[in-house]
J.: 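Before anything else, here's the structure in question.
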Amino acid sequence: MLATWSLTRLAEQTLVVPVDESNVAAVNAEIAAGAGGVILFGSSAPVNLGSSLHALSLSAPGGITPFVMTDEEGGVVQRMANLVGSLPSARQMASTMSAAQIRQLVTTVALRMHAAGITMDLAPVLDLDNGVGPNNRDPDGTRSFSLNASVAAADGVAFLQGLEAGGVIPVVKHFPGLGQASANTDVSPATTQPWSVLQHAGLLPFQSAIAAGVPVVMIANAGVPGLTTLPASISPAVMTTVLRRQLGFHGLVITDSLSAGALVDIGYSVPRAVVASITAGADMVLYTAASAQVGSLTASTAAALVAAVNAGTLPRSRLVSAVSNILTAKHVNLCAG
């Protein structure tokens, strides 16, 4: 099937376009051009969100609808609690609830998310952290279940299973572990704990999630001392060598926002970062932009991917592999015409 797709169509499918949940029709042109997903921003969802998202999906070429993503973690990171119900922070859930209770509560919220047209939740956070964040220095704080790897693993798996039970695809983040990072990658370049430390602690919740069959992993934007000086989101050592080969993850790999300060501050525009990320092993990419700039940024990013294939710096086979992983996660028959 993908052999018949143009380079532009392949490139578009790897892109997730940002939009305010109160005006999802703003990205109708991007979805009609073949963007593979949308990510909803805002703090209060309109009551007609489901019908608006359905109308948006009708413009997708070939009937291959976009993923509809949101960040419904609980605590300070909730986009639509008014519509689907509120979740406590991960830290509060870990300290007051059993894994079974977490799973049950998340299932209830996920069923409402699914009814509102949400197909993917960028949660749970599996990072190990006990800081006071989230803030401009600490990206995790209360978004983390615990500094204890076994607690974070058990509660994180309960959360992801709750999402799945409610019909929403979970995404564990931020691989290989952003807990106790040197800074907040949204704001500036940062490093994780050393690779030697991550292997004995921070990596464990992700290994548990992979063993539990999690379908999607999000990659951090931090460097990993002892493994890579590059941000993980553009590092083949992180995504291909460790995640794919060493940990045996066969699902969908998506990035954290490639508009982050961690990339901008070292000279990466969004198009350049996206090309580097897909080349290094990511399948799908996130970025942010002001509403008026989303269209032009999306078009220039897709064009950069096409140009990289034509220049021979990004193998077409890598782009096809990325799209294959996306469509598999969407349960699209890749043998169809």
Side-chain angles (χ1 to χ4, degrees), residues 16 18 20-21 39-45 69-82 84-97 102 105-106 109 120-149 151-153 155-156 159-160 163 170-193 197-198 201-203 205-206 209 216-224 231-233 254-265 286-288:
V16 180
D20 190 284
E21 59 194 353
I39 177 169
L40 306 182
F41 288 100
S43 57
S44 181
M69 307 178 185
T70 189
D71 290 283
E72 210 66 16
E73 298 175 11
V76 297
V77 183
Q78 299 187 81
R79 304 290 182 195
M80 53 189 63
N82 65 302
V84 301
S86 185
L87 288 169
S89 70
R91 181 179 292 174
Q92 186 177 343
M93 282 190 270
S95 63
T96 62
M97 301 167 69
I102 291 171
L105 176 59
V106 174
V109 171
M120 183 179 287
D121 188 11
L122 304 180
V125 171
L126 296 187
D127 306 331
L128 307 181
D129 196 87
N130 63 349
V132 297
N135 55 42
N136 282 347
R137 288 193 297 269
D138 175 7
D140 284 325
T142 58
R143 300 168 68 201
S144 166
F145 288 102
S146 178
L147 190 61
N148 182 301
V151 172
D155 290 350
F159 192 110
L160 74 87
L163 287 173
V171 179
V172 294
K173 61 188 185 184
H174 307 81
F175 187 86
L178 195 55
Q180 299 183 301
S182 65
N184 188 333
T185 54
D186 290 345
V187 179
S188 65
T191 55
T192 67
Q193 292 284 293
V197 174
L198 284 181
L203 211 57
F206 292 97
V216 193
V217 173
M218 177 186 282
I219 310 298
N221 282 324
V224 185
S233 54
I254 71 173
T255 68
D256 203 346
S257 173
L258 297 179
S259 306
L263 289 145
V264 174
D265 287 4
L286 302 180
Y287 50 89
T288 55

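Both backbone and side-chain heavy atoms feed into the values below; hydrogens, waters and symmetry mates do not.
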J.: Indicate yes or no for a side-chain donor-acceptor contact from Lys173 to the backbone of Leu126 under 3.5 Å, with no hydrogens or angles considered.
T.: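 No: the side chain of Lys173 does not pair with the backbone of Leu126.
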
J.: Just how far is it from atom CG of Leu286 to atom CG of Leu122, taken to the nearest 0.5 Å?
T.: 6.5 Å

J.: Looking only at atom types and distance, does a side-chain atom of Asn184 sit under 3.5 Å from a main-chain N or O of Asn135, one as donor and one as acceptor?
T.: yes

J.: If we ignore hydrogens and angles and just use 3.5 Å, is the side chain of Thr185 paired with the main-chain N or O of Ala222 as donor and acceptor?
T.: no

J.: Has the side chain of Gln180 got a donor or acceptor atom that lies under 3.5 Å from a matching backbone atom of Thr192?
T.: no

J.: Report yes if the side chains of Leu160 and Val172 come closer than 4.5 Å at any heavy-atom pair, otherwise no.
T.: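 Touching, per the 4.5 Å side-chain cut-off.
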
J.: Could you give me the CA-CA distance, side-chain angles and deciding distance for Glu73 and Arg143, then say whether salt bridge (charged side-chain N to carboxylate O under 4.0 Å, His left out) is met?
T.: CA-CA 7 Å; Glu73 298 175 11; Arg143 300 168 68 201; 2.8 Å; yes

J.: Is any side-chain heavy atom of Asp121 closer than 4.5 Å to one of Met69?
T.: no

J.: Do the side chains of Ile254 and Val171 get nearer than 4.5 Å, heavy atoms only?
T.: yes

J.: Tell me if a side-chain donor or acceptor on Asp129 pairs with a main-chain N or O of Thr142 at a distance below 3.5 Å.
T.: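 Not at all, since once roles are kept as given, no pair shorter than 3.5 Å links the two residues.
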
J.: Mark yes or no for whether Ser259, through its side chain, and Thr288, through its backbone, hold a donor-acceptor pair below 3.5 Å.
T.: yes

J.: Got a donor-acceptor contact below 3.5 angstrom from the Asn221 side chain to the Ser257 backbone?
T.: yes

J.: Heavy atoms, side chains only, cut-off 4.5 Å: are Val224 and Pro176 in contact?
T.: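 Side chain of Val224 against side chain of Pro176, heavy atoms only: contact under 4.5 Å found.
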
